[in-house]
There are 2 protein chains.
Amino acid sequence: MSLRKEILEVSRSMLIEKGFGKMSMRKIAAAANVSATSIYLHFKNKDELLLALMEDSIAQLAEALSNSINGNGDALYKLETLADTFLRFALERPQEYEIIYMVRPEEMPKFPKDKFQHIRKVYEMLADIIEEGRQQGQLDVDDPLVSAYTLWAQLHGIVSVILSRRLDTRIARDKFIEQAKDQIIQGFITQKTPV
Amino acid sequence: MSLRKEILEVSRSMLIEKGFGKMSMRKIAAAANVSATSIYLHFKNKDELLLALMEDSIAQLAEALSNSINGNGDALYKLETLADTFLRFALERPQEYEIIYMVRPEEMPKFPKDKFQHIRKVYEMLADIIEEGRQQGQLDVDDPLVSAYTLWAQLHGIVSVILSRRLDTRIARDKFIEQAKDQIIQGFITQKTPV
DNA sequence: AAAGATAGGTTAACAGTGTTAAGTAGATAG
DNA sequence: CTATCTACTTAACACTGTTAACCTATCTTT
């Protein structure tokens, strides 16, 4: 196996086991039985390594999302399913979620296109679903792509509050998630205001 | 002025000017004309210093929110005003926002109650407004306190996506904010489904 | 085959980090 | 006048990311 791959593997498992904060170049190197400087032969710096991990996690999340909607159901159902899958992914694999959405490689180049192809595809898939729902009069949105990002941002907000331990201890986590999900979805549904 | 206060002031301006990443104990100490170890006489460690800054920023945010709804308007109007104020605070003072919602003091004790009194008050105020809206049939929510946290989480999601530069470059920031705000608020509004 | 370039690794070092242990000058108290 | 306490200091430890310089085996070119 190439050293590059090995570095990626050990850093990923280190990330998952110990969390992002305890990942250091030297520890990664030690785990791969190699000197710390060797990492720099394969990655420009720590941020680039992080981006590579990110790319991979994004691909996995994108796949989980794609798989969860296997064609059947109407737009609304699909939206709910996607929201569920997203929340489950985030809460079951918090460390991986973290590097996708919470870690900030310093001065992260604004959306380096190539690295974010996968997640862009997800947004576009989502936008398509929203558009479908709009045409069927089920959803009430303005710009579908913007709506896709909005939905995602809202879900991220929910996850973020939980993962960063900012949720009031008086509130049960599951109840919070359920209610939040309902409320978010409801924001997309066409209002049937009686004339 | 007490050294404790001076340390807080220096670190706050350092935080605002250079950002969280470039804040170090030694730099703070140098800016306060004191040795690095002196900080430890006033704060247990860096996290405690961070928490103190956090506490302060939270108080400011809480005040901005309280001030923005000066009694008049119905529940829905108040909700919109609060959302506006929150978003403005976050986007105008990103560094301060960051320490409130994004920085994670390692192993942050789950909501150390005393330090979060202010923000809890805000949530309760928000819950009251939501309850008021429910009683007037304007809002459709289950548990008002949970809804308060949900609203906040959603808004945080929007801010978070922008501040961590994860927003698609094709999407105009202002458009995103406006549409997101509308969608979030709509999630709270009573659906008038015709029978 | 000899010579040179290259790929892939090394060790040593720099400049920085949070944090602790031990020591010190000055005010205060008995 | 001595002892204690307070607020600070210097020195040091054990880390961090990163770079410079060096080594060695393999591949390419003459």
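Remember, it's a predicted structure, so these values are computed and weren't measured experimentally. Naming convention: chains lettered A, B, ... in sequence-line order (proteins, then strands); numbering from 1 in each chain.
- Rounded to an integer number of Å, the gap from A:I28 CD1 to D:dT16 P is 10 Å.
- Nearest to the side-chain atoms of A:L3 among the listed nucleotides C:dT11, D:dT9, C:dG9 stands C:dG9.
- Between the CZ atom of B:F43 and the C1' atom of D:dA7 there is a distance of 15 Å, rounded to whole Å.
- Residue B:I7 contributes atom CD1, which lies 12 Å from atom P of D:dA7 at whole-angstrom precision.
- Listed by chain and number, the residues in a side-chain contact (heavy atoms from CB on, under 4.5 Å) with A:D140 are A:T190, B:Q186 (sequence neighbours excluded).
- For A:H42 and C:dG9, the shortest distance from a side-chain N or O to OP1 or OP2 is below 4.0 Å.
- Atom pair A:I39:CD1 and D:dT16:P shows a separation of 11 Å (rounding to whole Å applied).
- Listed by first then second residue, pairs satisfying salt bridge (Lys or Arg N to Asp or Glu O under 4.0 Å) with a partner in residues 72-83 of chain A read A:K78-A:E132, not counting sequence neighbours.
- Residues meeting the side-chain contact (heavy atoms from CB on, under 4.5 Å) test with B:A59, sequence neighbours left out: B:H118.
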Return a single string for nucleotides 18-28 of chain C, one symbol per nucleotide in 5' to 3' order, where B is base contact, S is sugar-phosphate-only contact and - is none, cutoff 4.0 angstrom on heavy atoms.
BBBB-------
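- Listed pair A:S35 / C:dT11 fails the phosphate criterion, with no side-chain N or O lying under 4.0 Å from OP1 or OP2.
- Taking atom CG of B:L49 as the reference point, atom P of C:dT17 lies 14 Å away to the nearest angstrom.
- A centroid separation of less than 6.0 Å is found between the aromatic rings of B:Y149 and B:Y123.
- Within the structure, salt bridge (Lys or Arg N to Asp or Glu O under 4.0 Å) pairs that include any residue of residues 119-131 of chain B comprise A:D168-B:R120, A:R170-B:E124, B:E131-B:R134 (at least two apart or interchain).
- Regarding B:L41, its CG atom lies at a distance of 17 Å from the P atom of D:dC5, rounded to whole Å.
- Counting only residues at least two apart or on different chains, the side-chain hydrogen bond (donor to acceptor under 3.5 Å, both in side chains) pairs with a member in residues 82-93 of chain B are B:Q60-B:R93, B:S68-B:T85, B:D84-B:K181, B:R93-B:E96.
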